[in-house]
Number of protein chains: 2
Amino acid sequence: MYTRAEENYLKCIFHLEQEHKGAVATNAIAQMMHTKASSATDMIQRLADKELVSYRRYKGTTLTKAGIAVAVAVIRKHRLWEVFLVEKLNFQWDEVHEIAEQLEHIQSEELITRLDKFLDHPDYDPHGDPIPDKHGNIKKTEKKVLSEMSKSQHGILVGVRETSGEFLQYLDKRNIAIGTKIKVLGKEFFDGSMIIQVKREQFFISKKIAENLYIQV
Amino acid sequence: MYTRAEENYLKCIFHLEQEHKGAVATNAIAQMMHTKASSATDMIQRLADKELVSYRRYKGTTLTKAGIAVAVAVIRKHRLWEVFLVEKLNFQWDEVHEIAEQLEHIQSEELITRLDKFLDHPDYDPHGDPIPDKHGNIKKTEKKVLSEMSKSQHGILVGVRETSGEFLQYLDKRNIAIGTKIKVLGKEFFDGSMIIQVKREQFFISKKIAENLYIQV
DNA sequence: AACTTATTTTAGATAAGACTAAAAATAGAA
DNA sequence: TTCTATTTTTAGTCTTATCTAAAATAAGTT
Ligand SMILES: [Mn+2]
Ligand SMILES: [Mn+2]
Ligand SMILES: [Mn+2]
Ligand SMILES: [Mn+2]
């Protein structure tokens, strides 16, 4: 099988490739992995030797079929464990990421099959991200970033972009969670800030917040 | 914290020290770790630098207070995860060791605290081994190896020495499990083999089998 | 006590994964 | 197009954890 480091790099490249659509820059990988560009280059070259990524120097990196399969399997494990931590061990949604980051590397097909069953085959993790099935298929959900919505539009929160503790606690404090209905009451052109309606309350939110909330309309 | 390898060596030394009472030979460690004596020496010296073991060359190794604490914490995690796998995910008791071997290295105090609670604070793992509490205290149980019992003595199975799949499946096949009442009907001096009564059946067992069953009289 | 064997340690190599510093390639600006 | 700034790669070093081969020590035997 693959090492922890390899799995983490593949997962990282997968996420960057999704976001930017196209070859991923070495610097972007290094930044997300909290490492130096030279270390990233080193790993990328080893992954290329194993045909998990295709790579032409100075031109960026993309995952191969094999690389995608590994990345998606790790993401599946990560998200299933997050569900376990929240649903069964009563962790808060902002506390689970670090632990899942470790648990995602446990090697056992059977374990994941049984965990999935134990959790009753969940479709989404606590942050609203879809859980790939055992064949690696990911349910594509139609969702919009809140910051791109306009006045008087509404929808329900189905996911968050940021998963840092600070951000998730910010949402908790305002009773905003996955499934919460949100309506745009006003939007400021100058700075992109908004007034939103959540249940019976109204909040002012900055553009930065709005950019990190995914809404299903 | 400590690396996976360090944790595995410490756990290994702990178990060997329990068995033989006294300093542990380098070869014994190497054998149990499935590695070479030179590799073991190397690690022992590094553990000695970190004051996790006390070591005098050619004289063997013993754990320090600090080393014991690390080993026991790992053993606690290993056994709690084994309970989880059997009780919650319905694994058989012979299938859980390998997976627990990985899970025991997950670093999170909070996770173990919550797992322990989720499992309702179990005292023993599926193989009858006691689970250390969070302070590292291990319940000492009075138990006897079946091979040392004599004719017409009886007791209940409280643990197994071997945990290999083959051995555990051998027991399953004969309906022998933790908690099963066993009576010695006969014992052969020549080879130490026995006839035992288990529920309504009688079995012939070799000395090797008898040496791997712990009985509470 | 001297020799032989088994155990343990050292010396030297290797691979993964990280780093710093320097060189090379690319992109942007003048 | 040529210079400059940024990005990326290479070269060389480090640590952990492993190996093989050789040297050192301990234990056992005549
Ligand atoms: Mn990870
Ligand atoms: Mn998540
Ligand atoms: Mn282990
Ligand atoms: Mn066990």
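The chains referred to below are lettered A, B, ... by the order of the sequence lines, with proteins before strands, and numbering in each begins at 1.
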**Message:** Using only atom types and a distance under 3.5 Å, with no angle test, would you say the side chain of A:Lys77 pairs donor to acceptor with the backbone of A:Ile106?
**Reply:** yes
**Prompt:** When we call it a touch if two heavy atoms are under 4.0 Å apart, what does A:Tyr2 touch: a base, just sugar-phosphate, or nothing?
**Reply:** nothing
**Message:** What I'd like to find out is whether the side chain of B:Leu52 reaches to under 4.5 Å of the side chain of B:Val70, using heavy atoms alone.
**Reply:** yes
**Message:** Tell me the interatomic distance from A:Arg56, atom CZ, to C:dA24, atom P, rounded to whole angstroms.
**Reply:** 21 Å
**Prompt:** So what is the end-to-end bend of the helix from C:dA1-D:dT30 to C:dA30-D:dT1, with 5 pairs used at each end and the value given to 10 degrees?
**Reply:** 10°
**Prompt:** With the threshold set at 4.0 Å, does a side-chain nitrogen-carboxylate oxygen contact exist between A:Glu162 and A:Lys208?
**Reply:** no
**Request:** Could you label the plane-to-plane angle of the B:Phe84 and A:Trp81 rings as parallel, tilted or perpendicular, counting under 30° as parallel and over 60° as perpendicular?
**Result:** tilted
**Request:** Name the orientation class of the two ring planes belonging to B:Tyr170 and B:Phe167 (parallel below 30°, tilted from 30 to 60°, perpendicular beyond 60°).
**Result:** parallel
**Request:** Please state how far atom CG in A:Asn27 lies from atom P in C:dT26, giving the value in whole angstrom units.
**Result:** 16 Å
**Request:** To the nearest Å, give me how far apart CG (A:Asp49) and P (C:dA15) are.
**Result:** 13 Å
**Message:** With side chain to side chain donor-acceptor pair (under 3.5 Å) as the criterion, how do A:Ser54 and A:Thr62 come out once you've worked through the C-alpha distance, each side chain's angles and the decisive distance to 0.1 Å?
**Reply:** CA-CA 5 Å; A:Ser54 46; A:Thr62 51; 2.9 Å; yes
**Request:** Would you check if A:Asp191 and A:Lys207 make a side-chain contact, meaning some heavy-atom pair closer than 4.5 Å?
**Result:** no
**Request:** Check every strand shown and say whether A:Ala25 touches a base, only sugar-phosphate, or nothing at a heavy-atom separation below 4.0 Å.
**Result:** sugar-phosphate
Can you give me the N/O atom pairs linking the protein to nucleotides 16-20 of chain D at distances under 3.5 Å, or say none if there are none?
from   : atom 1 : to      : atom 2 : distance (Å)
D:dA17 : OP1    : B:Thr3  : OG1    : 2.4
D:dA17 : OP2    : B:Arg46 : NH1    : 2.5
D:dC19 : OP2    : B:Thr35 : OG1    : 2.5
D:dC19 : OP2    : B:Lys36 : N      : 3.2
D:dC19 : OP2    : B:Ser39 : OG     : 2.6
D:dT20 : OP2    : B:Lys36 : NZ     : 2.9
D:dT20 : O4     : B:Ser38 : OG     : 3.0

**Prompt:** For A:Tyr124, does the OH atom sit with more than 12 other heavy atoms under 6.0 Å from it, leaving out its own atoms?
**Reply:** yes
**Enclosure of A:Gln216 CD (heavy-atom neighbours >12, cutoff 6.0 Å)** = yes
Sort me out a list of protein N/O and nucleotides 26-29 of chain D N/O pairs below 3.5 Å, or just none if empty.
none

**Prompt:** If you look at every strand shown and take non-hydrogen atoms under 4.0 Å, does B:Thr41 touch a base, only sugar-phosphate, or nothing?
**Reply:** base
**Request:** Keeping the roles fixed (side chain from A:Lys11, backbone from A:Ala73), state whether a donor-acceptor pair exists under 3.5 Å.
**Result:** no
**Item:** Cation-pi check, B:Arg114 onto B:Phe118 ring (under 6.0 Å, within 45° of axis)
**Value:** no
